[in-house]
Structures are given as structure tokens and as C-alpha cells.
Chemist: 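If you scroll down you'll find the structure; I have some questions about it.
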Amino acid sequence: MDATFTTGKELQKMDPVFGQLSFDDHEQIVFCNDKDTGLKAIIGIHNSVMGPALGGTRMFNYANEWEALNDVLRLSRGMTFKAAITGLNIGGGKAVIMGDAKTQKTPELMRKFGEFVHGLSGRYITAEDVGMETKDMDIVRDVTPYVTGISEERGGAGNPSPVTAYGVYMGMKAAAKHKFGSDVLTGKKILVQGIGHVGETLVDYLTKEGAIVTIADINEEKLYEMGTKYKAQIFTGPDLYTADVDIYAPCAMGATINDATVHKIKAKVIAGAANNQLANEDVHGAILQERGILYAPDFLINAGGIINVYAELAHYGKEEIMRKTENIYNTTLEIIDYAVANGITTHHAALTIAQNRIDQRKIENSTK
């Protein structure tokens, strides 16, 4: 077949890894399989120029292996830029385990996964993500030192979710300052989509400041429980993207800003914890810019989690964790100003600054 006429889907069949758009020059991809425990996992190491690849492990019941592969590629790439833009000397990686975390996760499965991580000899350092808990990282720690986010009782920094939420809160306030002229969120209408560990803590920050918070989640029982706990409104409309709010905070899975939603959004600011919120970074980032919607780059404002777990490697304490996370406010304003000055999207601005730091380190490494 003439390569000129090869479609994207045909290319993926011919090159199931390198043909993925999200491959983006990954250094290493590891497929992990263990029949006894049922473990099926993929580890993606995107870039290690700044240091060993650090990124959490996500356990999710993916529809198929294609979906899992694409997710780990997009997530590990995002970790590279998240670490670089935050000023951490660490590379980008991620892992996904295919399966239902509620019914298929066992201590034996987590130990086996830890053995695969250990086999990479420190090129990849794991942590918790969706479907994982601190106790799972403690199990992984039993078989490898290449894990962060372990419990404070075992000398770790503990659950990174509250710190992630604080960083999102700081980024949101910075975006509000640019868009509305003030970072005070009192009276602002904010829709939080997804009220897991991070989303709930974000709702707590927002309600304490006096924001008018509306929450949405696929788990109705938790939704109403959180609504009562924080006196938040429950979204009941047919399409949350058309909600009349000032700020939209996606805090669940990624790619909620896509062809079907990007023209519907009424919010003037998008600032949330989810990874890879733009289904197509270039296309959807540009549309948001054209529509006058300010997008706070996800990999910047949700970096509190990696700051928290990186503390275990850099040996700094809770005070420094919170100081670095609070600085997301300043970095967000700098990124927005850079984007405006150069006539580019905020996402492109953040990527450019992060890539510049990686390129500079590559030059430094080559001269040693």
C-alpha cells in the first residue's frame, strides 16, 4: 500500500505504538503481564532529560488495549511538561493497569506490578493516581524503593490529592484575577465536574471562600452526599457544558473539551484538576482563545500532586511543598502574560516554556 494514501487507522494497525499520535517520541514503553495475578499494565516513560521519569499509576476499566495505550501515552507526556513547568528536576512517566480497581485490585497484583517497576532500575518511579490509594503504594514499596506517595507512617509525603487541589485553587484564582480583575472567588459561580479526592477538596476551598458551587459526578450517591456536606448545588440540567457559570473546573477524566463541547461552554474561565482536558491541544485551545475563554493549562495548575510526591525524592518538608504549590498562582499569571504577549494560546505558552527548560538541560547534559 502506498504510504501516501495510508489512513490514520491503517497506520495504527501497521505501527500500533509508534503510529499513535500521542506517542510523541516516548523513550520507552513497557507492557507488563502476569497470568497468576491477572495483571495487565503499561508503563510509559516519555522523557528522562530532567531526571528519572516520575508519574502515578492509574487503574481503570478501559474498553480495550488501544484506549489504555493512548491514555498512558498522553498522561506520561503530560508529566514531562508538568515537572518542567513547575521547576522540578524529574522526567515524565505514567503507568496504567487495566481492570476494575474496586473488584480486581489485590495486594498480590500490586506487588507484582511493583516487581515490574523495580525491573526498570529506577528509570520509572511510580505514585498513586485514579483507582489507587496510599495503602496501595505502601504495598508496592514492599518490593521496590522506586515509589512515592507512600504513607507518612512509612516516611512518605502521604496522599497527594489535597495538595493537588490546593494548586488547582491557586491556578484558578490567578486565572480569575486576569479575567475578572480580582482573584476573589466570593460570589463567583463555579461548576466542579468530578468530586473524587481532588474535586472534593477543591469544593471545600471554594465554598469556604464563598463561591457559589455547583457539582456534577457520575456517582449519584456521592454527588448528593457531597452536596449536603458542602451545601453545594447539584447540577441537574441536560448538558453541563451549557451551564451559566463563571468558571468550569473539570476534575474527572480528560478530553472533556472536545468537538462536541468546545462551542457550548459558557464559562469565561476553565481551571480544573483533570489531565489532558483538551482533546486536541491545538484545535480546541485555539477555539477557546477565539471565544475569549481563558484556559489555565491543566498540567500547570494540577502539579501540586507531583510537587508533593517529589518531596520524598528531594527531601523537603510540608512547608516547602505548600510554598512550591502556592507558587502555581504566580506561574499561572506568567504563562497567561506570555501567551498574550506572543499571541498564542495559554496551553502553547506553557508547553513552550517547559520545552525550553528541557532543551536547556539537554544542552547542559551533553557538555558534562
Side-chain angles (χ1 to χ4, degrees), residues 26 28-30 32 39 41-48 51-62 68-84 86 88 90-99 101 105 109-110 113-114 116-118 120 122-141 144-151 156-168 194 196-199 201 251-254 272-277 298-313 321 325:
H26 272 69
Q28 187 174 4
I29 300 169
V30 181
C32 313
L39 175 72
I42 308 173
I43 299 172
I45 298 174
H46 178 253
N47 189 290
S48 60
L54 172 63
T57 295
R58 171 174 294 188
M59 187 166 185
F60 188 75
N61 201 16
Y62 294 99
L69 175 61
N70 190 55
D71 201 29
V72 76
L73 291 174
R74 283 170 58 87
L75 289 167
S76 53
R77 174 180 178 269
M79 292 302 296
T80 294
F81 298 115
K82 183 181 299 190
T86 314
L88 306 180
I90 203 78
K94 206 79 174 184
V96 298
I97 298 175
M98 289 167 263
K105 184 172 61 179
L109 181 142
M110 293 309 304
F113 174 72
F116 279 107
V117 170
H118 192 69
L120 291 169
R123 274 183 54 76
Y124 169 66
I125 301 168
T126 195
E128 69 179 78
D129 199 294
V130 175
M132 291 291 159
E133 306 284 347
T134 303
K135 62 183 180 182
D136 298 316
M137 296 304 104
D138 282 351
I139 294 172
V140 172
R141 183 64 182 82
T144 183
Y146 305 123
V147 56
T148 55
I150 57 176
S151 63
N159 182 6
S161 297
V163 186
T164 302
Y166 184 62
V168 173
H197 295 314
V198 177
T201 306
C251 295
M253 299 299 280
N275 288 305
N276 302 314
Q277 293 167 25
D298 49 34
F299 65 86
L300 165 61
I301 72 170
N302 70 10
I306 193 173
I307 291 171
N308 187 75
V309 296
Y310 180 68
E312 295 177 26
L313 306 177
I321 289 173
T325 304

Chemist: Please give me the minimum heavy-atom distance between Ile90 and Ala83, naming the atom from each residue.
Modeler: CG2-CB, 3.3 Å
Chemist: Could you pull out all residues at least two apart from Arg123 that satisfy side-chain hydrogen bond (donor to acceptor under 3.5 Å, both in side chains)?
Modeler: Glu27, Gln28
Chemist: Between the side chain of Arg141 and the main-chain N/O of Ile150, is any donor-acceptor distance below 3.5 Å?
Modeler: no
Chemist: If only atom types and distance count, is the side chain of Asp298 paired as donor or acceptor with the main-chain N or O of Gln277 below 3.5 Å?
Modeler: yes
Chemist: With side chains defined as the heavy atoms from C-beta onward, is the minimum distance between His46 and Met79 less than 4.5 Å?
Modeler: no
Chemist: Looking at Asn302 and Ala273, would you say the former's side chain and the latter's main chain have a donor-acceptor pair under 3.5 Å?
Modeler: yes
Chemist: Heavy atoms only: give me the nearest Gly199-Cys251 pair and the separation to one decimal.
Modeler: CA-CB, 4.2 Å
Chemist: Is there a side-chain contact between Met110 and Met137 in this structure, where contact means two heavy atoms from C-beta onward sitting under 4.5 Å apart?
Modeler: yes
Chemist: I want to check something: taking the side chain as every heavy atom from C-beta on, are Thr126 and Phe113 in contact at a cut-off of under 4.5 Å?
Modeler: yes
Chemist: Is Lys82 close to Asn275 at the side-chain level, that is, under 4.5 Å between some pair of heavy atoms?
Modeler: yes
Chemist: For His26 and Arg77, work out which heavy atoms get closest and say how close.
Modeler: NE2-N, 4.1 Å
Chemist: Evaluate the side-chain proximity of Leu109 to Ile97: yes if any heavy-atom separation is below 4.5 Å, no if none is.
Modeler: yes
Chemist: Under a 4.5 Å cut-off applied to non-hydrogen side-chain atoms, are Thr201 and Ser161 in contact?
Modeler: no
Chemist: Does Gly156 offer a backbone N or O that forms a donor-acceptor pair with the side chain of Glu312 under 3.5 Å?
Modeler: no
Chemist: Is any side-chain heavy atom of Tyr310 closer than 4.5 Å to a side-chain heavy atom of Ile125?
Modeler: no
Chemist: Verify, without hydrogens or angle tests, whether Lys105 (side chain) and Gly131 (backbone) share a donor-acceptor contact under 3.5 angstrom.
Modeler: yes
Chemist: Return the set of residues passing salt bridge (Lys or Arg N to Asp or Glu O under 4.0 Å) with Asp138 (not counting sequence neighbours), or none when no residue passes.
Modeler: none
Chemist: Do Asn159 and Glu128 make a side-chain contact, defined as non-hydrogen atoms from C-beta onward lying under 4.5 Å apart?
Modeler: yes
Chemist: Answer yes or no: is there a donor N or O on one side and an acceptor on the other, between the side chain of Thr86 and the main chain of Leu88, under 3.5 Å?
Modeler: no
